S.K.: 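This is the structure I have questions about; it appears just below.
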Amino acid sequence: MKKNMYTRITIVLFIIGLMMSVQYNTIRKPAERDTRDIWAIREELSEEKKQHSALLAEIRSLNAVVDRYEQSEETNMKAVLSETVESLKQQAGLTEITGPGVILRINPAQELVAMGYDIKEISPDLLIQLTNALFKYGATNVAIDGERIVHTTAIRDINGETTVNSVPLSTPPFEIYVGTNSYKDAKKVYNSVQASTFIDSFYLDNFNLIIEEPTDELTIPAFENSLTNDYLTEAKKGE
């Protein structure tokens, strides 16, 4: 009887000791170290500060609109509403816009064609990566082969053809227009693309990616289709 009791006490003490050991190791185990160097951390911090500044600028802009609504008389309310609608259309890509930017040209690599290499459809994945990088570099508006990139744009393969907004791309050469807020931003996009690996990536696919010098006036075409809306609904009068 006593033997069984000692056995049970031993098992209970063993379990308690195991639990205490696990808890001790959990407390004592240091957090996973951040192995990034100081420049990687500074770069991430810089991106976060840029996003913070952009959000603050957007808040100031919206507050200014609210102030204009509150200060405007009824006779001027329509004008303020019209300006707001026009601004929203520009942000959504529904209007043509002219300003600083750069032009990227995608041409078949003639030296590879002369050597017998086949020029196939440009890869949708490569085009998506380039587009994402352009916005990261500072682009505000992008049009690929005349098709404006908006929040609903899909770049994908349809029946063996690379499409943008469901429109097949032209056989290269074709152009990518990149609009920016300032000439300084256009220079940044130009330098970033030049320093990136995209030129080599396109060449591996038998294309030459050429970026022209920045310009002060580049016209980005408007998005010609209607935007789809899956979530917003029009409120009834009085709601």
Side-chain angles (χ1 to χ4, degrees), residues 39-69 79-106 126-155 164-165 169 174-199 201-202 209-227 229:
W39 294 110
I41 296 175
R42 287 173 63 89
E43 183 177 355
E44 183 175 346
L45 179 60
S46 175
E47 291 297 325
E48 292 294 335
K49 292 183 69 174
K50 288 179 182 178
Q51 293 183 16
H52 183 253
S53 298
L55 289 174
L56 290 178
E58 184 68 18
I59 291 172
R60 286 194 295 267
S61 176
L62 294 175
N63 285 336
V65 173
V66 172
D67 290 340
R68 292 183 63 188
Y69 282 141
V80 176
L81 287 172
S82 297
E83 291 179 9
T84 302
V85 170
E86 186 65 22
S87 175
L88 292 174
K89 283 184 176 180
Q90 289 185 4
Q91 294 179 36
L94 299 178
T95 60
E96 182 180 275
I97 188 169
T98 300
V102 294
I103 297 177
L104 278 66
R105 302 187 185 278
I106 298 179
L126 182 56
L127 208 54
I128 291 171
Q129 291 178 17
L130 176 62
T131 303
N132 291 337
L134 290 173
F135 283 112
K136 181 180 179 182
Y137 297 154
T140 54
N141 304 286
V142 175
I144 301 176
D145 194 22
E147 288 295 323
R148 182 74 170 266
I149 303 299
V150 296
H151 70 280
T152 58
T153 292
I155 302 175
V164 179
N165 294 328
L169 290 175
F174 63 82
E175 299 172 341
I176 299 176
Y177 284 11
V178 183
T180 59
N181 285 325
S182 64
Y183 185 82
K184 180 180 179 181
D185 289 339
K187 286 288 291 184
K188 178 183 176 183
V189 172
Y190 174 85
N191 292 329
S192 297
V193 174
Q194 290 280 28
S196 72
T197 60
F198 284 109
I199 294 177
S201 297
F202 275 86
L209 176 62
I210 303 170
I211 180 169
E212 297 188 351
E213 290 284 342
T215 177
D216 284 317
E217 289 193 2
L218 180 66
T219 300
I220 310 292
F223 181 70
E224 297 181 350
N225 302 326
S226 58
L227 292 175
N229 186 4

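This is a predicted model, so every value here is computed, not measured. All values below come from the heavy atoms of this structure, side chains included, with hydrogens, waters and symmetry mates left out.
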S.K.: Decide whether Thr98 and Thr219 meet the rule of one side-chain donor and one side-chain acceptor closer than 3.5 Å.
M.R.: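 There is such a pair (donor and acceptor under 3.5 Å, judged by atom type) between the side chains of Thr98 and Thr219.
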
S.K.: I need the Thr180 OG1 to Lys187 NZ distance, nearest 0.5 Å.
M.R.: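 Thr180 OG1 to Lys187 NZ: 12.0 Å, rounded to 0.5 Å.
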
S.K.: In terms of heavy-atom contacts, does CD of Gln194 have more than 12 from other residues, nucleotides or ligands at under 6.0 Å?
M.R.: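 Yes.
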
S.K.: To the nearest 0.5 Å, what is the distance between NE2 on His151 and OG1 on Thr153?
M.R.: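 Rounded to the nearest 0.5 Å, the NE2-OG1 separation comes to 9.0 Å.
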
S.K.: Does the Ser196 side chain pair with the main chain of Val193, one donor and one acceptor, at a distance under 3.5 Å?
M.R.: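 Answer holds: yes.
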
S.K.: For residues 126-137, which side-chain N or O atoms pair as donor and acceptor with protein atoms under 3.5 Å away, sequence neighbours left out?
M.R.:
residue	atom	partner	partner atom	Å
Thr131	OG1	Leu127	O	2.8
Asn132	ND2	Ile128	O	3.4

S.K.: Can you see which heavy atom on Ala139 is nearest to which on Val178, and at what distance?
M.R.: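 For Ala139 versus Val178, the nearest heavy atoms are CB-CG1, 3.4 Å.
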
S.K.: Could you check whether any side-chain N or O of Thr215 sits under 3.5 Å from a backbone N or O of Leu218, counting only pairs where one atom can act as donor and the other as acceptor?
M.R.: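 Flag not set: sc Thr215 to bb Leu218 has no pair under 3.5 Å.
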
S.K.: Does some side-chain heavy atom of Leu104 sit less than 4.5 Å from a side-chain heavy atom of Leu209?
M.R.: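 Leu209 reaches Leu104 side chain to side chain.
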
S.K.: Atom CG of Asp145 and atom OH of Tyr177: how far apart are they, to the nearest 0.5 Å?
M.R.: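 Going from CG on Asp145 over to OH on Tyr177, the span is 10.0 Å.
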
S.K.: Compare every heavy atom of Pro221 with every heavy atom of Gly146, then report the nearest pair and how far apart it is.
M.R.: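 What the structure gives for the nearest pair is O-CG, 3.7 Å.
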
S.K.: Do you know which two heavy atoms are closest between Val142 and Ile220, and how far apart they sit?
M.R.: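 Distance-wise, the nearest heavy atoms are C-CG2, 4.5 Å.
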
S.K.: Do side-chain atoms of Asn165 reach the backbone of Arg148 as a donor and acceptor pair under 3.5 angstrom?
M.R.: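 Side chain of Asn165 to backbone of Arg148: a pair is present.
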
S.K.: What pair of heavy atoms forms the shortest contact from Ile144 to Ile155, and how long is it?
M.R.: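 Heavy atoms only, the tightest pair is CD1-CD1, 4.1 Å.
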
S.K.: Out of curiosity, Ile210 CD1 to Glu212 CD, how far, rounded to the nearest 0.5 Å?
M.R.: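 If I round to the nearest 0.5 Å, the distance is 8.5 Å.
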
S.K.: OG1 of Thr140 to CG of Asp185: how many Å apart, nearest 0.5 Å?
M.R.: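 Rounded to the nearest 0.5 Å, the OG1-CG separation comes out at 8.0 Å.
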
S.K.: Apply side-chain contact (heavy atoms from CB on, under 4.5 Å) to Ile106 and Ile176, showing your working.
M.R.: CA-CA 8 Å; Ile106 298 179; Ile176 299 176; 3.8 Å; yes

